[in-house]
Amino acid sequence: MYSYLKRNKVIFVLLSFVFLFTLFGRNPVFKEYVGKYADLYTVAVHSIEESRGFIDATGTFQPALEKLDEDEQGRVLFCYSEAQETGNVYLLIMQKSDDNDVYYYDKINYICEPLSEGNYVILYGAKKPSIIYDKYNGFSEDMINELKTLNDWNEEINISKCISKVIVRSKPKVNN
């Protein structure tokens with residue numbers, strides 16, 4: 001009788017673990033960027049040193065990333081944020097992309113400001129990119145124009161000034 005109870009207890013504990021794993025295993029965790037702008041995501045995660053590639057420490061939420069403007073040569077101005085209630089909003093410029101690579105000017109292709117008062121990020125989880133309410137986040141027109149000037153906005157693209165990176169859908173791990 002004792003072994004029968006012990007065996008049932010073990011079975012109960014194992015079934016409980018299976019149930020809990022099934023229940024909590026359904027909460028998706030960010031594995032990779034699912035939005036339509038993998039090229040812009042690549043520029044953001046390579047340009048911004050402190051970026052994680054997702055919003056929260058558990059990896060549950062996609063970053064906010066939205067295309068804002070495009071010049072005559074195909075350069076793209078876009079916003080990127082991993083903020084929740086606090087954090088930063090970035091405006092970045094990508095020079096160009098092709099099927100495999102992105103091209104941008106290193107260290108001068110973005111500006112950054114803290115999430116402005118009254119601005120917020122709408123979080124959707126791991127299967128849909130988050131959305132930032134005010135994409136320009138209070139960046140002044142002068143700041144945006146200076147960023148565009150530094151990145152040769154509306155001028156012919158000069159690939160020799162660019163660095164290139166292979167397009168990714170998750171931030172590469174850095175080996176220290």
Side-chain angles (χ1 to χ4, degrees), residues 27-98 101-154 157 162-174:
N27 184 15
V29 174
F30 178 90
K31 298 288 186 212
E32 59 182 34
Y33 175 69
V34 298
K36 60 185 173 181
Y37 300 120
D39 54 350
L40 303 180
Y41 175 83
T42 301
V43 171
V45 298
H46 282 290
S47 299
I48 305 163
E49 282 185 36
E50 62 272 12
S51 79
R52 294 178 297 215
F54 50 85
I55 288 188
D56 65 332
T58 62
T60 306
F61 300 105
Q62 293 273 321
L65 187 160
E66 295 188 51
K67 187 174 176 179
L68 303 174
D69 196 5
E70 188 169 335
D71 79 357
E72 299 163 358
Q73 305 298 320
R75 284 179 190 84
V76 176
L77 173 71
F78 65 100
C79 72
Y80 179 87
S81 183
E82 297 173 359
Q84 280 182 286
E85 289 95 26
T86 62
N88 293 322
V89 177
Y90 299 85
L91 293 186
L92 299 98
I93 293 179
M94 176 183 70
Q95 295 292 314
K96 70 175 242 161
S97 68
D98 55 35
D101 299 300
V102 295
Y103 301 84
Y104 60 95
Y105 293 173
D106 196 25
K107 308 261 190 266
I108 60 168
N109 70 316
Y110 71 90
I111 53 178
C112 171
E113 285 285 320
L115 189 65
S116 61
E117 188 174 328
N119 199 4
Y120 55 90
V121 176
I122 302 166
L123 305 173
Y124 284 110
K127 296 186 178 186
K128 183 177 177 184
S130 300
I131 296 174
I132 187 162
Y133 175 71
D134 176 7
K135 291 137 190 64
Y136 288 97
N137 191 55
F139 287 100
S140 71
E141 193 172 320
D142 288 342
M143 292 171 75
I144 296 168
N145 287 335
E146 182 178 346
L147 176 66
K148 287 179 172 181
T149 299
L150 287 171
N151 285 270
D152 301 329
W153 196 257
N154 282 329
I157 293 176
C162 297
I163 64 169
S164 67
K165 297 289 182 182
V166 173
I167 295 174
V168 296
R169 287 194 168 270
S170 60
K171 182 164 182 162
K173 297 199 183 331
V174 178

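Looking at heavy atoms from C-beta onward, Phe54 lies out of side-chain contact with Glu82 at the 4.5 angstrom threshold. Side chains of Thr42 and Met94 form no contact here, defined as non-hydrogen atoms less than 4.5 Å apart. For the pair Asp152/Tyr105, a side-chain contact is recorded, criterion being any heavy-atom separation below 4.5 Å from C-beta on. Side-chain atoms of Val89 and Glu113, non-hydrogen and from C-beta on, never get closer than 4.5 Å to each other. Between Tyr37 and Val76, every side-chain heavy-atom pair lies at or beyond the 4.5 Å cut-off. Residues Ile157 and Tyr103 are not in side-chain contact: their nearest non-hydrogen atoms beyond the backbone lie 4.5 Å or more apart. Side-chain atoms of Leu92 and Tyr104, non-hydrogen and from C-beta on, never get closer than 4.5 Å to each other. Between Val121 and Phe61 the shortest side-chain heavy-atom distance does not fall below 4.5 Å.
Interatomic distance, Arg75 CZ to Asn109 CG, rounded to the nearest 0.5 Å: 12.0 Å. Considering CZ of Phe78 and CG of Leu65, their distance stands at 6.0 Å, rounded to 0.5 Å. We find the CD1-OG distance between Ile131 and Ser81 to be 13.0 Å, quoted to the nearest 0.5 Å.
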Apply side-chain contact (heavy atoms from CB on, under 4.5 Å) to residues Leu147 and Phe139 and explain how you reach the verdict.
CA-CA 11 Å; Leu147 176 66; Phe139 287 100; over 6 Å; no
For a side-chain contact (heavy atoms from CB on, under 4.5 Å) check, start with the C-alpha distance between Leu77 and Ile144, then their side-chain angles and the critical distance, and finish with the verdict.
CA-CA 9 Å; Leu77 173 71; Ile144 296 168; 4.2 Å; yes
Asn88 vs Ile48, test: side-chain contact (heavy atoms from CB on, under 4.5 Å). Steps then yes/no.
CA-CA 11 Å; Asn88 293 322; Ile48 305 163; over 6 Å; no
Please walk me through it: do Thr86 and Leu115 pass side-chain contact (heavy atoms from CB on, under 4.5 Å)?
CA-CA 6 Å; Thr86 62; Leu115 189 65; over 6 Å; no
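Relative orientation of the Tyr90 and Tyr80 rings is tilted, given thresholds of 30° and 60° on the angle between their planes.
A donor-acceptor contact shorter than 3.5 Å is absent between the side chain of Asp134 and the backbone of Asn119.
Here the shortest heavy-atom pairing between Ile132 and Cys79 reads CG2-SG, 3.7 Å. Counting all heavy atoms, side chain and backbone alike, Pro129 lies closest to Gly35 at CG-CA, 3.6 Å. When all heavy atoms of Ser51 and Ala44 are compared, the pair lying nearest together is OG-O, 4.2 Å. Contact between Glu49 and Lys171 at its shortest, heavy atoms only, is O-NZ, 3.4 Å.
Between Asp101 and Ser164, the side chains place no donor N or O within less than 3.5 Å of an acceptor N or O (distance only, hydrogens not considered).
Contact check on Lys148 versus Asp69 returns a salt bridge, with a Lys/Arg side-chain nitrogen under 4.0 Å from an Asp/Glu carboxylate oxygen.
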